[in-house]
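Only one structure is covered here, and it is reproduced in the block below.
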Amino acid sequence: MPSKRPLLEILHRYRWRYALGAVCVVATTALRLTIPRFLWSGLDALSVAQHAQGTLSAAELSRLEGVVARAALWIVLAALLQAPVRTASRLAVLGASRRVAHDLLQRVFDVLLRLSPSFFLRNPTGQLMSRCINDRNFVRGLSGPVFMYMAETITLYAIAVPLLLSIDARLGGLALLPYPVFLVLARVIARGIQEEARLAQEALSDVSEKVDESLSGELVIKTLAIEDSDYARFDERCRAYRRHNLRVAWLRALLTGSMMALAGLSTTLVVWIGGPRVVRGEMSIEDFGLLLTYLAWLAGPTRTLGFVISSMRRGLAAYGRIAEILEAEPELADPPRVGPAPTVGAGALSLRGLTLTYPPLSEQPHLSGSLPEHLVGSAQDRPRTVLRDVTLEVPAGTTLGVVGHTGAGKTTLARVLARQLAIEPGQVFLDDVDLCDYDLAEVRRHTGFVPQEAFLFSATLAENVALGRPDAPREEVAAAVRAAQLQQDLDQLPQGLDTLLGERGVNLSGGQRQRTALARVLLLDPRLLILDDTLSAVDPPTADAILAHLRPFAARRTTLLVAHRLSTVRHAEQIVVLEDGAVVERGTHAQLLALGGRYADTWRSQEDGAAQARRARELEPRGEPS
């Protein structure tokens, strides 16, 4: 069961608002309960005056008129006081609940910023968005309306029940007899509501996840004409969400209906037993009316208590899902520090038997609902070694080329060096200091990492380039754009550098997005430059031009160049070939060609393909068959 401590800490921050709200709720309830006594005392005086009409003395008649007048005055006064006090209770409690929801979301966002990239690979965006939006709203209801209604109900019971028993202990006790049954029934039904509410919220996360996936992949869906099948998958998740919500609604209706039945039973008992007593003169109309009024007012909160309990259970289930994020432990964290933290120097890299193994999927920390059940125990649910005993020396200011087939471990190696994956100490050293001994911010501040899939924000092109240095001069931004060979494409954009990019840079080509991400990193001027197949979507001539501009830049820093196209890395001082996570070949371009192994075979294959492509382009203008 997730800890409630973060929520309690936030609630404690606004304890005085809640205290003020609770005092106002008590005052409102007390004022409300004074009205029936004045009302029935006035009605009792009118009844006496009516039945004794013509027989009362002037003094007695004047006394009865005074009783009625005072009753009316007190009722008006209580109603006038009740309105502002009730409003103050709403402002205090509901206002505090909005602040609680804000602080809770801020704390969740702070945790998300500290979590490792692998956390977001395991937990879909839809799951996280649902918890941050939908579940947060349920928690706001828990800390606002639920608190307020619970306070009103408890106060009403605390005041009304003693009043009932003081009027007539036997009849009042008989009227309250059904209520213990309610407590037992409410507990059983509420437990079912909480479980179904949790399943409904997980189903809503699945719906959000599917919507995010479909919107992100809408081009693929339309290209393959799979709209119907994609809608069928969306509809299946919606049906699951509907099924769980209907179950929640049915349980809530059962709880509310039970409360109404119990309240009606209490009233029936009072009328059935108390009515004849009034007729026999054993009980006054005032006392009988007060009993019925207090029971009627208890019936209202009793009915809403079903809603309050179900909302409380739903809020607790929602907070449990949010608490999973709050309690998530970052896989990457700054080491415990006694002395001064090391700083990055020239950027020399040393890998000494680097091995990285992912544990089985079922053993990795997932948020509830993020791990598909069909994967548990499947062939995918097993340990997976992605890097095996990788040993390399990369002197400062040199370029290391990393090549290999898909799945060889190239991207994993790049992410390890970019400090995005957790590794065991003693395997990677930066400037002869264990990479795990550095603070994360220190390594990332001096590391420029350009992934293959470039992510751009809904901002101008210049703002995307200057994302890491928002205060960078315009001239430096333009220089980074020129170094990434993006300058030649500015004429295609309506406002050049000031062109507003669509969501994820949708109005740019794949190559333009990659070059924008490259310019962003070049502007940072990092000590360690890591390019993970950054030029895969760029045509060969442009890629060659970019590399030519990068060589003087790379000569002053350590560069890791991951590529599928071997021509990208042929000028590197050292090239390694990865296969199944292990280094199988290493050397310069010339040495690897002379070796005649995998690198040489791949080079010949790519060169033959490039030659055929050139031949085809040469033949096309003459109309010759290619």
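Side chains are part of it too, since the values below use all heavy atoms of this structure and drop only hydrogens, waters and symmetry mates. Nothing fancy with the numbering, it's 1 onward along the sequence. Everything numeric here is computed off the predicted structure, so don't read it as measured data.
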Quiz prompt | Residue pair F449, R415: steps toward the side-chain contact (heavy atoms from CB on, under 4.5 Å) verdict | solution = CA-CA 8 Å; F449 178 51; R415 293 183 61 202; 4.1 Å; yes
Quiz item: Which is it for F138 and L316 under the side-chain contact (heavy atoms from CB on, under 4.5 Å) test, yes or no, and what are the steps along the way?
Solution: CA-CA 8 Å; F138 287 126; L316 290 174; over 6 Å; no
Quiz item: Could you walk me through whether R243 and E196 pass the salt bridge (Lys or Arg N to Asp or Glu O under 4.0 Å) check?
Solution: CA-CA 10 Å; R243 183 170 61 252; E196 287 296 329; over 6 Å; no
Quiz item: Would T155 and E152 satisfy side-chain contact (heavy atoms from CB on, under 4.5 Å), going step by step from the backbone distance to the final call?
Solution: CA-CA 5 Å; T155 304; E152 286 183 346; 5.9 Å; no
Quiz item: Can you list the steps and then say if Y319 with D135 is a side-chain contact (heavy atoms from CB on, under 4.5 Å)?
Solution: CA-CA 7 Å; Y319 175 71; D135 292 338; over 6 Å; no
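Side chains of Q420 and S116: no donor on one and acceptor on the other come within 3.5 Å.
Separation of the F457 and F455 ring centroids falls under the 6.0 Å cut-off.
Looking at L501 and T460, their side chains never come closer than 4.5 Å, going by heavy atoms from C-beta outward. Looking only at side-chain heavy atoms (C-beta outward), P359 and P383 stay at 4.5 Å or farther from each other. With contacts defined as side-chain heavy-atom distances shorter than 4.5 Å, the pair L11/Y18 qualifies. In this structure, the side chains of C436 and I423 come closer than 4.5 Å at one or more pairs of heavy atoms. Side-chain contact check for V23 versus V26: every heavy-atom pair is 4.5 Å or farther apart. Side-chain contact between L421 and Y358 is present, with heavy atoms from C-beta onward closer than 4.5 Å. Residues E227 and I221 are in side-chain contact: their nearest non-hydrogen atoms beyond the backbone lie under 4.5 Å apart. When side chains are defined from C-beta on, R17 counts as touching R99, because their heavy atoms get closer than 4.5 Å.
Of all non-hydrogen atoms in V25 and S89, the two that sit nearest each other are CG2-CB, 3.9 Å. What you find for S97 and G144 is that their closest heavy atoms are CB-CA, 3.4 Å. Taking both residues in full, the closest heavy atoms of L7 and L142 are given as CD2-CD2, 4.4 Å, listed atom of the first, atom of the second, then distance. Taking every heavy atom of both residues into account, V443 and R419 meet most closely at CG1-CB, 3.9 Å. Closest heavy-atom contact between L81 and V85: O-CG2, 3.2 Å. The two atoms that bring N245 and A200 nearest to each other are OD1-CB, 4.1 Å, heavy atoms only.
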Per-pair distances, 0.1 Å, donor-acceptor, side chain in residues 100-108, under 3.5 Å, sequence neighbours excluded:
unit_1	atom_1	unit_2	atom_2	d
D103	OD2	R13	NH1	2.8
D103	OD2	Y14	OH	2.5
R107	NH1	E9	OE1	3.0

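With values rounded to the nearest 0.5 angstrom, S229 atom OG is found 14.0 Å from F234 atom CZ. Put simply, CZ on R233 and OG on S214 are 7.5 Å apart, with the number rounded to the nearest 0.5 Å. In this structure, R98 CZ and S143 OG are separated by 10.0 Å, a value rounded to the nearest 0.5 Å. The distance from the CZ atom of R131 to the CD1 atom of I322 is 9.0 Å, given to the nearest 0.5 Å. Interatomic distance, E442 CD to R445 CZ, rounded to the nearest 0.5 Å: 4.5 Å. Within the model, atoms CG of L326 and CG of D110 stand 10.0 Å from one another, a figure rounded to the nearest 0.5 Å.
Counting heavy atoms of neighbouring residues, nucleotides and ligands inside a 6.0 Å radius, atom CZ of R15 exceeds 12 of them. The 12-atom threshold is not exceeded at CD of E329, counting heavy atoms of other residues, nucleotides or ligands nearer than 6.0 Å. For F109, the CZ atom is loosely surrounded, since the number of other residues' heavy atoms within 6.0 Å does not exceed 12.
Residues satisfying the salt bridge (charged side-chain N to carboxylate O under 4.0 Å, His left out) test with R114, not counting sequence neighbours, are none. For D334, the salt bridge (charged side-chain N to carboxylate O under 4.0 Å, His left out) test picks out no residue, with sequence neighbours left out.
The existence of a salt bridge linking R520 and E463 is excluded, since no basic side-chain nitrogen approaches an acidic carboxylate oxygen closer than 4.0 Å. Under 4.0 Å is where a charged nitrogen must lie from a carboxylate oxygen, and between E236 and K210 no such pair does. Of the charged side-chain nitrogens involved, none lies within less than 4.0 Å of a carboxylate oxygen, so that E324 and R321 do not count as a salt-bridged pair.
Panel note: side chain N123, backbone F119; a donor-acceptor pair is recorded below 3.5 Å.
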